[in-house]
Amino acid sequence: MAVLLPAGLGMTIIPILFFLLRWRFPTAGRQIAFILGVLALAAYAPYAIINWPGLDVVAMVVAILVMTAFILGLISPPKHADSHKMAFHAGPATIIAFFAVIILLDSIFLTISTTGLSENVARQILPEPQGGPVATSYFPGTVAHDYQEKVRAFEAYDAAREEQSERGWQVRRGWIGEPVVGQSTPFRIQVRDGQGNPVEGAEVTAQFLRFSSQSLDFSRRLEEIDPGVYQADVTPSRPGRWEVIVDVRRDGETHQLRGMTDVAAR
C-alpha cells in the first residue's frame with residue numbers, strides 16, 4: 001500500500017488534469033505536464049515525510065509520478081508545431097515501456113518484501129515440501145530474537161543471553177516421530193541444569209511461528225511427564241518450515257531458545 005496508493009492516485013489524477021487543462025490550453029501540453037509533475041511531487045512530499053515508508057518506497061513513487069508526467073509531455077507536440085494533436089513515437093515509447101515494466105516489477109518485489117505473501121498466494125505459487133528429511137529440529141542454545149516483535153532493546157537481549165549462558169541449562173530432543181500436517185504429534189523436551197540434574201517443576205511453553213502468516217501462530221504448554229521431561233501433543237496446521245520458541249520458567253528464571261522445524265505434507 002505504501003507504493004500502490006500514492007502511485008495509483010498520481011497515475012489517475014495527473015492524466016485527468018492534464019487532458020482537462022490541455023483541452024482548455026491546446027498549445028501548452030508540455031508546460032502543463034511539467035507543472036503537474038512538480039505539483040504531484042509537492043503534494044507527495046509532506047505525505048512521505050509524515051508517513052515515512054522508507055527511502056526505497058519514496059524513490060519508487062517519485063519515479064512513477066515523474067514518469068507519468070514525462071510521458072504526457074513527451075507525446076504532446078511543441079507549441080510551434082503545425083498540428084496540436086497528440087503524437088506517438090515508436091522509439092521513445094519503447095524506452096518508456098521498458099522502464100514502466102521495470103518500475104512495475106520493482107513495485108511488486110518491494111511490496112512482497114515489505115508485507116510478505118498471503119497464505120493463499122504462497123500456497124498457490126510455492127512448492128510443497130517433497131521427499132527428503134521432513135522433520136528436523138535444532139536448538140542452538142541462544143536467547144530467541146523473535147522476528148515478529150516490533151520492539152526489543154538490544155541491551156536487555158544481550159544481558160539475557162549472558163545470564164542464560166552462565167546458567168548453563170541444557171535442552172534436548174524435539175518431536176517424537178515425524179510431524180505431519182493435520183496429525184497430532186508429541187513434542188517433547190528434556191531440561192537439565194549445569195550439573196546435569198533434571199530441571200523439575202518448571203513452566204514450559206512452546207510457540208510455533210509461521211513465517212508467511214502471523215495469524216497461524218500458536219502456542220502449547222508442555223506438561224511434565226518425568227523429572228525434567230516436558231511434553232505436549234501438537235497438530236500443525238500447515239506444512240513447511242516453522243520457527244519454534246521454547247520458554248522454560250522456574251523460580252523467576254527464564255530460559256528461552258529458538259529452533260527451526262519442518263512439517264511434512266500429508
Side-chain angles (χ1 to χ4, degrees), residues 1-126 147-152 210-217:
M1 290 299 293
V3 175
L4 297 179
L5 179 60
L9 288 176
M11 295 177 65
T12 302
I13 296 175
I14 291 177
I16 292 175
L17 293 178
F18 174 82
F19 287 108
L20 288 176
L21 292 173
R22 192 176 181 278
W23 176 75
R24 179 65 179 83
F25 305 100
T27 62
R30 296 187 176 181
Q31 292 83 352
I32 294 172
F34 175 79
I35 294 173
L36 289 177
V38 172
L39 291 178
L41 296 179
Y44 176 65
Y47 173 82
I49 294 174
I50 296 174
N51 306 280
W52 182 251
L55 186 58
D56 49 353
V57 174
V58 172
M60 189 73 64
V61 175
V62 169
I64 293 174
L65 297 179
V66 172
M67 182 67 70
T68 302
F70 176 76
I71 292 174
L72 294 173
L74 184 65
I75 62 178
S76 297
K79 187 174 182 178
H80 58 274
D82 296 335
S83 174
H84 297 301
K85 294 183 178 180
M86 305 290 278
F88 176 82
H89 304 281
T94 302
I95 296 175
I96 291 172
F98 171 76
F99 283 104
V101 171
I102 292 179
I103 291 175
L104 176 62
L105 292 177
D106 286 345
S107 300
I108 295 174
F109 295 150
L110 182 60
T111 302
I112 294 175
S113 66
T114 303
T115 62
L117 288 174
S118 67
E119 186 66 21
N120 292 332
V121 174
R123 192 160 50 243
Q124 292 294 327
I125 67 175
L126 297 180
Y147 63 92
Q148 291 174 342
E149 292 181 6
K150 300 301 183 182
V151 178
R152 174 175 292 215
R210 186 71 171 181
F211 290 101
S212 60
S213 177
Q214 186 175 358
S215 63
L216 297 176
D217 296 351

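Quick caveat, the model's predicted, so the values are computed rather than measured. Numbering of residues begins at 1 and proceeds along the displayed sequence.
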Results of side-chain contact (heavy atoms from CB on, under 4.5 Å) for [X] - residues two or more places apart only:
{"X": "L21", "result": "I32, L36"}
{"X": "A40", "result": "I14, L65"}
{"X": "L39", "result": "I35"}

[X] and [Y]: which non-hydrogen atoms are nearest, and at how many Å?
{"X": "G29", "Y": "F18", "value": "O-CE1, 3.1 Å"}
{"X": "G37", "Y": "A69", "value": "CA-CB, 3.7 Å"}
{"X": "D217", "Y": "R210", "value": "OD1-N, 2.7 Å"}
{"X": "G10", "Y": "P15", "value": "O-CD, 3.8 Å"}
{"X": "A48", "Y": "V58", "value": "CB-CG2, 4.1 Å"}

